Visitor: 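Let me begin by handing over the structure; questions about it come next.
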2 protein chains.
Amino acid sequence: MFLQYAAMTFDKSASAGYLANHMARLFARGLRARIEPLGLTVGQFPVMLELWEGDGLTQKELRVRLDIEQATIANTLNRMERDGLIRRTRNEGDARVQRVWLTERARTLRAPAYAAATAQNAAALASLTEAERARFLHDMERVIASMQESEGG
Amino acid sequence: MFLQYAAMTFDKSASAGYLANHMARLFARGLRARIEPLGLTVGQFPVMLELWEGDGLTQKELRVRLDIEQATIANTLNRMERDGLIRRTRNEGDARVQRVWLTERARTLRAPAYAAATAQNAAALASLTEAERARFLHDMERVIASMQESEGG
DNA sequence: TTATGTAGCATAGCTTGCTATGTTTTTGCA
DNA sequence: TGCAAAAACATAGCAAGCTATGCTACATAA
């Protein structure tokens, strides 16, 4: 009886995938509201994080570091170039490769963007203690690692 | 010095929002691969979970339960009707309201869809103990609740 | 050297999320 | 009763994710 019951129900609030999706949408909503005044979008944000740490990266380097598909990064870079956040140059020595550079405007956004992301993270983690936050981040990393493994092999 | 350093850097692997987004994308990739043979998509899946528990819900009821925007659920329902998963009827008594009903085909997908979601959750949580999983799900619910609060007020 | 394969990027077309806005029906109040 | 506000849903248009496919440049092997 119990097994049959278990097979016929699915508690969404006990589903990691369901909760992860909901949590990520709420993070995106909050961050979107905070960075919209800066002229940034939530998809551009992770690219900016990489480039603020050091630009001149190739499209492939961004794709690998951010773990997104090649077509996704290509389209995001198109919008970022359109919006005046980046410029792209061809690589000498290998004409297939392009390098991505921040514009001056993009550089000025760094501090307020960090502040926006930090504020959103703080709001999200408000009810957790410092120890619980560290543990929670670590658990997310473990879950990410598990899915990356089951993806690759 | 330390504060200045902290203000000028942003460790993405220490950012809850960054990790939540990455984790949710990996969940979606895995679930997409598992339910694609069933003719279901990741956006339709949460709607199906609600309807399998009892159909005849209104669009507004789905919107509130799933915490997505009205336009999003409207478009998802359009695709589900197109794909033969649901039918919509007008509510007697209030012509503005519609009720959503599963088709026979949609009902047959319940067991294999539950199995797919369960398998994806298991793969994701493989490296966590049973106690850690429970704690992790609970922490996600707390984080979700915090963001919903800061949204509403 | 030439043919074949691979690497890097672009493009087409889809889903799923969002905001903004329009339409119709119902409600509520003067 | 009639009119304004609100409620429920539809639609337009954008961002960001995906798969599939195409193009060009480079590498490699016969």
Side-chain angles (χ1 to χ4, degrees), chain A residues 18 20-36 39-48 57-64 66-83 85-86 88-100 151, chain B residues 18 20-36 39-48 57-64 66-83 85-86 88-100 151:
Chain A
Y18 191 98
N21 173 267
H22 192 184
M23 185 170 67
R25 284 189 290 111
L26 288 167
F27 266 112
R29 278 186 206 166
L31 185 63
R32 181 181 300 119
R34 292 178 198 272
I35 64 179
E36 189 273 336
L40 289 177
T41 63
V42 294
Q44 296 167 351
F45 199 88
V47 179
M48 297 294 280
L57 298 177
T58 69
Q59 188 180 110
K60 181 185 176 181
E61 284 169 334
L62 286 169
R63 171 177 74 73
V64 171
L66 301 179
D67 190 16
I68 56 181
E69 293 302 317
Q70 179 266 324
T72 300
I73 185 65
N75 284 324
T76 295
L77 290 176
N78 280 342
R79 286 187 292 270
M80 292 176 74
E81 192 165 35
R82 179 202 64 191
D83 296 348
L85 293 168
I86 60 161
R88 284 184 275 194
T89 60
R90 282 289 153 189
N91 195 24
E92 63 263 35
D94 190 337
R96 293 171 303 181
V97 177
Q98 61 178 218
R99 295 197 173 275
V100 181
E151 229 183 12
Chain B
Y18 191 98
N21 174 268
H22 192 183
M23 185 170 67
R25 284 189 289 111
L26 287 167
F27 265 112
R29 278 186 206 166
L31 185 63
R32 181 181 300 119
R34 291 177 198 273
I35 65 178
E36 189 271 337
L40 289 177
T41 63
V42 294
Q44 295 168 350
F45 199 88
V47 180
M48 297 294 279
L57 298 176
T58 68
Q59 189 180 111
K60 181 186 178 182
E61 284 169 334
L62 287 168
R63 171 177 74 73
V64 171
L66 301 179
D67 190 15
I68 55 182
E69 294 300 318
Q70 179 266 325
T72 301
I73 185 65
N75 283 324
T76 296
L77 290 175
N78 281 342
R79 286 187 293 269
M80 292 177 75
E81 191 164 37
R82 179 202 64 190
D83 296 348
L85 292 168
I86 60 161
R88 284 185 274 193
T89 61
R90 282 289 153 189
N91 195 23
E92 63 263 38
D94 190 338
R96 293 172 303 180
V97 177
Q98 63 178 218
R99 295 197 174 275
V100 181
E151 228 183 13

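For clarity, every value in this text was computed on a predicted model and none was experimentally measured. To find a chain, count down the sequence lines: A is the first, B the second, and so on, and within it residues start at 1.
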Visitor: Tell me: CG of B/Leu40 to P of C/dT15, nearest whole Å?
Guide: 13 Å
Visitor: Choosing from D/dA25, C/dA10, C/dT25, which nucleotide comes nearest the side chain of B/Ala95?
Guide: C/dT25
Visitor: Atom CD of B/Glu81 and atom P of D/dA10: how far apart are they, to the nearest Å?
Guide: 9 Å
Visitor: Using atom CD1 of B/Ile73 as one end and atom P of D/dC9 as the other, report the distance to the nearest whole Å.
Guide: 10 Å
Visitor: With heavy atoms under 4.0 Å as the rule, sort A/Ala71 into base, sugar-phosphate or nothing.
Guide: base
Visitor: Within this structure, what is the CD-CZ distance for the pair B/Glu92 and B/Arg99, rounded to the nearest 0.5 Å?
Guide: 8.0 Å
Visitor: Is the backbone N or O of B/Glu151 less than 3.5 Å from a side-chain atom of A/Arg29, with the two atoms forming a donor-acceptor pair by type?
Guide: no
Visitor: Among the candidates C/dA7, D/dA16, D/dA10, find the nucleotide nearest to the side-chain atoms of A/Arg96.
Guide: C/dA7
Visitor: Determine whether a donor-acceptor pair (one donor, one acceptor, N or O, separation below 3.5 Å) exists between the side chain of B/Gln98 and the base of D/dA8.
Guide: no
Visitor: So, OP1 or OP2 of D/dG17: does either fall under 4.0 Å of a side-chain N or O from B/Arg29?
Guide: no
Visitor: Counting only side-chain N and O atoms of A/Arg99, is one of them less than 4.0 Å from OP1 or OP2 of C/dG8?
Guide: no
Visitor: Given C/dT16, D/dA8, D/dC18, identify the nucleotide with an atom nearest to the side chain of B/Val97.
Guide: D/dA8
Visitor: Do any side-chain nitrogens or oxygens of A/Thr72 fall under 4.0 Å of OP1 or OP2 in D/dC18?
Guide: yes
Visitor: Within this structure, what is the CD-to-P distance between B/Glu69 and D/dT11, rounded to whole angstrom?
Guide: 18 Å
Visitor: Which of the following nucleotides, D/dC26, C/dG8, D/dC9, is nearest to the side chain of A/Asp94?
Guide: D/dC26
Visitor: Under 3.5 Å, is there any donor-acceptor pair linking the side chain of A/Arg79 to the base of D/dA15?
Guide: no
Visitor: Specify the separation, in whole Å, of atom CG of B/Asn75 and atom P of C/dC18.
Guide: 11 Å
Visitor: Grab the CD1-P distance between B/Ile35 and D/dC18 for me, whole Å please.
Guide: 15 Å
Visitor: Which residue lies toward the 5' end of DNA chain C, A/Arg63 or A/Arg25, if each is placed at its nearest nucleotide?
Guide: A/Arg63
Visitor: Has the side chain of B/Arg90 got a donor or acceptor atom that lies under 3.5 Å from a matching backbone atom of B/Ala95?
Guide: yes
Visitor: Verify the contact: side-chain N or O of B/Thr41 to OP1 or OP2 of C/dT16, cut-off strictly under 4.0 Å; return yes or no.
Guide: yes
Visitor: Measure the spacing between CG of A/Leu62 and CD1 of A/Ile68 and express it to the nearest 0.5 Å.
Guide: 8.0 Å
Visitor: Provide, to the nearest angstrom, the distance between the CD atom belonging to A/Glu61 and the C1' atom belonging to C/dA7.
Guide: 14 Å
Visitor: Starting at NZ of A/Lys60 and ending at C1' of C/dA10, how long is that distance when rounded to a whole Å?
Guide: 17 Å
Visitor: To the closest 0.5 Å, what do you measure between CD (A/Gln44) and CG (A/Leu77)?
Guide: 9.5 Å
Visitor: Any N or O donor-acceptor pair under 3.5 Å from the base of D/dA10 to the side chain of B/Gln70?
Guide: yes
Visitor: To the nearest 0.5 Å, how far apart are CE in A/Met48 and CG in A/Leu85?
Guide: 5.0 Å
Visitor: Looking at B/Arg90, I'd like to know whether one of its side-chain N or O atoms comes within less than 4.0 Å of OP1 or OP2 on C/dT24.
Guide: no
Visitor: Could you work out which one of D/dA16, D/dC9, C/dC9 sits closest to the side chain of A/Gln59?
Guide: C/dC9
